[in-house]
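Here the structure comes first, spelled out in C-alpha cells, and everything after it is commentary.
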Amino acid sequence: MAEVQGYVFAGKRLAARCARRLGKIDLAARLETEALSLAERFEDAFWCEELGTYALALDGAKQPCKVRTSNAGQLLFTGIVRPERARRVAADLMSQKFFSGWGIRT
C-alpha cells in the first residue's frame, strides 16, 4: 500500500532525528540515507502520470494498482511526496470527482 511506504519513510526520518539527539550520528546518517532511498524508489514505483496521483499499491508482480483513491492523501503528511506532486495530489483530492456530498470520498 502506498501510504505504508510513507509511514516507513516518516518513521525512518523521526528515528534519525532521535538518534542524532542521542549522539548516534552514524545511525542517524544511515536512517536518513535509507529514508531518502525509499523515497526515490517509491516515486519510481508508485507514481502514475496517467492518473496524476500515486497507485494504491503494487501487485504481486510489483506492478502499480492504478486505482484513484484517497489513500494518496495520507502520503502528504509523511513528507515522502515531492512538492510538485503534493500540489497535484491535493488538488485532485479537492476536485469534484472526489467530493461525495459529505467530504472526500474514500
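Both backbone and side-chain heavy atoms feed into the values below; hydrogens, waters and symmetry mates do not. The model shown is predicted, which means the values in this text are computed figures rather than measured ones.
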CD of Gln74 to OH of Tyr54, rounded to nearest 0.5 Å, is 14.5 Å
Quiz prompt | Student check: side-chain heavy atoms of Asp92 and Arg68 closer than 4.5 Å | solution = yes
Quiz item: Near Asp44 CG, under 6.0 Å, is it more than 12 heavy atoms from other residues, nucleotides or ligands?
Solution: yes
When rounded to the nearest 0.5 Å, the distance separating CZ of Arg87 from CG of Leu76 is 11.5 Å
Rounded to the nearest 0.5 angstrom, the CZ-CG distance for Phe9 and Leu38 is 7.5 Å
Here the gap from Leu31 atom CG to Cys18 atom SG, rounded to the nearest 0.5 Å, amounts to 10.0 Å
Look at the side-chain heavy atoms of Ile, Leu, Val, Met, Phe, Trp and Tyr, link any pair under 4.5 Å apart, and say whether Met94 and Val81 land in one connected group. yes
Exercise. Under 30°, 30 to 60°, or over 60°: which ring-plane class applies to Tyr7 and Phe77, parallel, tilted or perpendicular?
Worked result: tilted
* For residues Leu14 and Arg17, determine if any side-chain heavy atom of one lies less than 4.5 Å from a side-chain heavy atom of the other. => yes
### Message
I'd like to know if the side chain of Thr33 and the backbone of Ala29 have a donor-acceptor N/O pair within less than 3.5 Å.
### Response
yes
Interatomic distance, CZ@Arg20 vs NZ@Lys24, rounded to 0.5 Å, equals 14.0 Å
If you group Ile, Leu, Val, Met, Phe, Trp and Tyr by side-chain heavy-atom gaps below 4.5 Å, do Met1 and Leu51 land in one group? no
- Steps toward salt bridge (Lys or Arg N to Asp or Glu O under 4.0 Å) verdict (Glu32, Arg13): CA-CA 6 Å; Glu32 193 65 37; Arg13 303 257 350 246; 2.6 Å; yes
| field | Close side-chain approach of Arg30 and Lys12, heavy atoms under 4.5 Å | value | no
The reported gap from CZ in Arg41 to CD1 in Ile80 (rounded to nearest 0.5 angstrom) is 9.0 Å
Could you check if a side-chain atom of Ser70 sits within less than 4.5 angstrom of a side-chain atom of Leu93, using non-hydrogen atoms only?
yes
Applying side-chain contact (heavy atoms from CB on, under 4.5 Å) to Arg82 and not counting sequence neighbours gives Glu40, Glu43, Glu84, Arg85
### Query
Any side-chain heavy-atom pair from Phe46 and Leu75 closer than 4.5 angstrom?
no
Between Pro64 and Ala55 the two heavy atoms that sit nearest each other are CB-CB, 3.6 Å
